[in-house]
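Computed from a predicted model, the values in this text were never measured in an experiment. Proteins get letters first, then strands, A, B, ... in listed order; numbering begins at 1 in each.
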Number of protein chains: 2
Amino acid sequence: MTDESRDAVEAVDSVLVALSDPTRRQLLDLLAVQGEATATTLAERLPVSRQAVVKHLAVLDTAGLVSSSRIGREVRYTVRPAALDATARWMTALAASWDRRLANIRRAAEAAERDSH
Amino acid sequence: MTDESRDAVEAVDSVLVALSDPTRRQLLDLLAVQGEATATTLAERLPVSRQAVVKHLAVLDTAGLVSSSRIGREVRYTVRPAALDATARWMTALAASWDRRLANIRRAAEAAERDSH
DNA sequence: TGGATGTGCAACTACAGAGTTGCACATCGT
DNA sequence: ACGATGTGCAACTCTGTAGTTGCACATCCA
């Protein structure tokens, strides 16, 4: 395995883990709508504490799904589409690969069926 | 929210949860390569017990990522690309939606900047 | 300067789920 | 019929993590 593909797998892994939590997906929704927001204001719109939101945002940041910038005493978070898009492409390619394999196996089975007659 | 979109959200959730585990992704890889396999043979290729594999396959089945069919005393599992493809489309649409929102916000900010002069 | 607001750090609880083992049951081949 | 192989069910352990609370520190503003 190449270094690049290993990194790609790790990147996909972190994105999938990040997206597997419903609260984190809700956070991404809120961020996408507002464009920019702090952990404190996001927590006001969710049934969890600010600290819980901070932890979720850290996970999303590690996955590359959000970025943060400090302005004075505030830390503003923004959504980053690139990581999501890359993972979507990975999934599409994987689905296509499965399709090809299944088609091949079906074709091989039919050929074997013909040969047996 | 419509019934369809609620179902879609639940479907996406189950797929993301299923894919967030590395052992389950490995199982999907093995299944895609072999086309068809039982929990017992899959467990031989993984560092976990058969029962662990069975549980993982149940999760994958609920997410629609695999299907099973009984042949005698064996239960054979196969990969199903449709659910994966649907989730990939959901992610692509979401990334595009984020892009649009970010572009709008950037545009609005520039307009406000112009107006202030 | 001092109160108000926002963030960071640490310790703690609680629950979900990944994994295990043991055994019962069903099915195949001889 | 009987041993071998494959599956199903149940109970259990254990680690990861989502969530909490409390407090200290930094920044804004009046």
How long is the gap from CG on A:Leu60 to CG on A:Leu31, to the nearest 0.5 Å? 8.0 Å
With B:Val15, the side chain to side chain contact (heavy atoms under 4.5 Å, CB included) member among B:Asp13, B:Val17, B:Leu19: B:Leu19
In this structure, how many angstroms lie between the P atom of D:dT27 and the CZ atom of A:Arg76, rounded? 16 Å
Just so I know, are the side chains of B:Leu57 and B:Ser68 near enough to count as touching, which here means a heavy-atom distance under 4.5 Å? no
Within a strict 4.5 Å, meaning less than it, do heavy atoms of the B:Thr38 and B:Val75 side chains meet? no
Does a salt bridge link A:Asp21 with A:Arg25, judged by any charged N lying under 4.0 Å from a carboxylate O? no
Return the value, rounded to whole Å, for the distance between atom CZ of A:Arg73 and atom C1' of D:dC25. 13 Å
A:Leu57 CG to C:dG6 C1', straight-line distance once rounded to whole Å: 14 Å
Indicate yes or no: at least one non-hydrogen side-chain atom of B:Tyr77 is less than 4.5 angstrom from one of B:Leu27. no
Integer-rounded Å distance: D:dC25 C1' and A:Glu74 CD: 17 Å
Within the 4.0 Å limit for protein heavy atoms, which parts of nucleotides 17-23 of chain C are touched? Write it as a string from 5' to 3', B for base, S for sugar-phosphate only, - for none. -SBBB--
Roughly, in whole Å, what's the span from CD in A:Glu44 to P in C:dT5? 11 Å
Between B:Thr41 and A:Gly72, the residue closer to the 5' end of DNA chain D by nearest nucleotide is B:Thr41
